[in-house]
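Step one of this worksheet: look at the structure below.
Whatever order the structure lists them in is the order used to number ligands and atoms, beginning at 1.
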Amino acid sequence: MMYSRIIGTGRYLPEKVLSNRDLEKMVETSDQWIRERTGIERRHIAADGETTCDLCEHAARNAMEAAGVTPDDIDMIIVGTTTPDQIFPNVGCLLQERLGNRGVPAIGLEAACSGFIYGMSVADKFIRTGAAKRVLVVGAETLSRFIDWTDRSTCVLFGDGAGAVILEASDEPGIISTHIHADGSYKDLLYFPSGVSKGFNDLKSGKDFVQMKGNEVFRVAVTTLGRIARETLEANNMSGDEIDWLIPHQANLRIIEATAKKLKMPMERVILTVQDHGNTSSASVPMALDVAVRDGRIQRGQTILLEAFGGGFTWGSALIRY
Ligand code: COA
C-alpha cells in the first residue's frame, strides 16, 4: 500500500503589516471590536506589483529547503488559490516557470478557503495510485486585491499570504485520509460577483468586491466544520482525544473555538495563527501547519487534523500522522 507523507513545510507573508489600529484610520471600526468578534490583530498586504505567484515562490522554496529537495525532485505542482495572477496560465504554471522544472503537470485549483485541503486530497490520490512521487502543494492568496477597503464588515477580516508542503510517496501514512465536499446552493452567502464569462462590473459600482453575509456564513461554518471533524474521526474509528493537534482554517477565533468545543479539544491543542494574518483563505492551513512545525509544537509521529471551509461552500479535512 502506498501513502503520501509531508516531508517539508514552508510559508511566506508579505512585508507590509496592516494593524487594527491602522484600520481604525480607514473605516469606522475599533481594535477592540475586531479582536472581540474575530481574534484578528493584524494582516499582511502584498506590495504593489507583488503577485500570488511571488508569494507561492517564497513559500515553495521555503518548503523545499525544509524537505531537502530541489525543484527537479518535484513531479507535480498544485496551487490552491482564488486570487490568481491572471486567468491563465494558471498559477501552477507560472510557479513552475520560476522553479524551472519544465514538463511536470501544474494545476491551479479554485476552491476558495478549502483550496489547500482540496489540493492535498488531489495530491494524495496521485501519490497513492503511483502517478506522482513528490508533489508540491501550495495555498496562496492576494485577497487584499479584491477587498472593498471602505467596507468595514469585510475589510477587517482578510489578508495575504502563502503556505506550502512537499508530499512524498511513503510505505506508511502520512496522510491517513482526506475528505472533501461542496454545496453550491450556498453560492450567494460568500462570493465574488463577476468574472470572464459573466462579465466584469464597473469597479466604481462597488460590486466588484467580495460579498458576504457574515452572520449566515458564521453559522454554517461552525456546523459544517464540526460535522467534517466527526466524519473524519468516524471514518478512521478514532475519537477527538487521539488527535494531538487541530489545525483549523484561520478565519475567525470564535468559529475555531466553537469547532474545538464540538470536538472536546482544549484550545491548548489547537494551532492558532489568525491573530497574525487574518483570513488568508487557502493559505491559512498550510501557514498554521508550518508555524507549529517550525516552533517545535508538532513532532514526528503525532496525529493532526486539518480542516477548512470556504466560499462555494466548499469544505474538507485531512487526517495526518506527521
Ligand atoms: N467594526 C465595527 N463594527 C462593525 C464592523 C467593524 N469592522 N463590522 C460590522 N460592524 C457592526 C455592524 O454594522 C453591526 O452594527 P449594527 O448592530 O448597528 O447593525 C454590528 O457590528 C454587528 O454586526 P454583525 O454582522 O451582527 O456582527 P457579528 O458578530 O456577526 O460579526 C463577523 C461579524 C463578520 C465578524 C462575523 O459574522 C463573522 O466572522 N462571520 C464569518 C465570516 C467568515 O469567516 N468568512 C469567511 C469564511 S471562510
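Within a 4.0 Å radius of atom 16 (P) of ligand 1, the protein has no heavy atom. In this structure, atom 10 (N) of ligand 1 has a protein heavy-atom contact shorter than 4.0 Å. Within a 4.0 Å radius of atom 19 (O) of ligand 1, the protein contributes no non-hydrogen atoms.
Pairing each heavy atom of P248 with each of L246, the nearest pair is CD-O, 3.4 Å.
The closest protein non-hydrogen atom to atom 1 (N) of ligand 1 is T29 OG1, 2.6 Å. When only non-hydrogen protein atoms are considered, atom 41 (C) of ligand 1 lies nearest to G214 O, 3.6 Å. Atom 12 (C) of ligand 1 has as its closest protein heavy atom R152 NH2, 3.8 Å. In this structure, the protein non-hydrogen atom closest to atom 30 (O) of ligand 1 is N215 OD1, 2.5 Å. Atom 31 (O) of ligand 1 has as its closest protein heavy atom R254 NH2, 3.7 Å. What sits closest to atom 45 (N) of ligand 1 on the protein, heavy atoms only, is M212 SD, 3.3 Å. For atom 46 (C) of ligand 1, the nearest protein heavy atom (residue, atom name, distance) is N279 ND2, 3.4 Å. Looking at atom 39 (O) of ligand 1, its nearest protein heavy atom turns out to be N252 ND2, 2.6 Å.
Nearest residue to atom 23 (O) of ligand 1 from K213, R37, E216 is R37 (criterion: closest heavy atom). Around atom 33 (C) of ligand 1, the closest heavy atom drawn from F309, F158, W33, F218 belongs to W33.
Counting only heavy atoms from C-beta outward, the side chains of W315 and D183 approach each other to under 4.5 Å.
Contact annotation: S153 has at least one heavy atom less than 4.0 Å from an atom of ligand 1.
Of all atoms in ligand 1, numbered sequentially from 1 with element shown, those under 4.0 Å from a heavy atom of T38 are 35 (C). Shown in contact with C113 at under 4.0 Å from a heavy atom are these atoms of ligand 1, numbered in order with element: 48 (S). With ligand atoms numbered from 1 in the order given, ligand 1 contributes 45 (N), 47 (C) to contacts under 4.0 Å with heavy atoms of V217. Distances below 4.0 Å separate heavy atoms of A251 from the following atoms of ligand 1: 44 (O). Within the listing of ligand 1, atoms 7 (N) sit less than 4.0 angstrom from a heavy atom of V156. For ligand 1, the atoms sitting less than 4.0 Å from at least one non-hydrogen atom of H249 are 48 (S), numbered in the order shown with element in parentheses.
Within 6.0 Å of the NZ atom in K262, the count of heavy atoms belonging to other residues, nucleotides or ligands exceeds 12. The local environment of CG in N237 is sparse, with at most 12 non-hydrogen atoms from other residues, nucleotides or ligands closer than 6.0 Å.
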Test side chain to side chain contact (heavy atoms under 4.5 Å, CB included) applied to R35 and E41, step by step: CA-CA 6 Å; R35 280 175 196 254; E41 296 171 18; 3.6 Å; yes

Worked check of side chain to side chain contact (heavy atoms under 4.5 Å, CB included) between K264 and D241: CA-CA 8 Å; K264 297 195 176 71; D241 52 15; over 6 Å; no

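Salt-bridge formation is detected for the pair E24/R21: a Lys NZ or Arg NE/NH1/NH2 atom is positioned less than 4.0 Å from an Asp or Glu carboxylate oxygen. Between E57 and R61 a salt bridge is recorded (basic side-chain N to carboxylate O distance below 4.0 Å). Ion pair D54/R98 flagged as a salt bridge, since at least one NZ, NE, NH1 or NH2 atom sits closer than 4.0 Å to an Asp/Glu carboxylate oxygen.
Going from atom CG of D148 over to atom OG1 of T154 covers 6.0 Å, rounded to the nearest 0.5 Å. To the nearest 0.5 Å, the span separating CG on D85 from CD on E50 amounts to 11.0 Å.
When the side chain to side chain contact (heavy atoms under 4.5 Å, CB included) test is applied to M238, the partners found at least two apart in sequence or on another chain are L233, N236, E242, I243, T303, L319.
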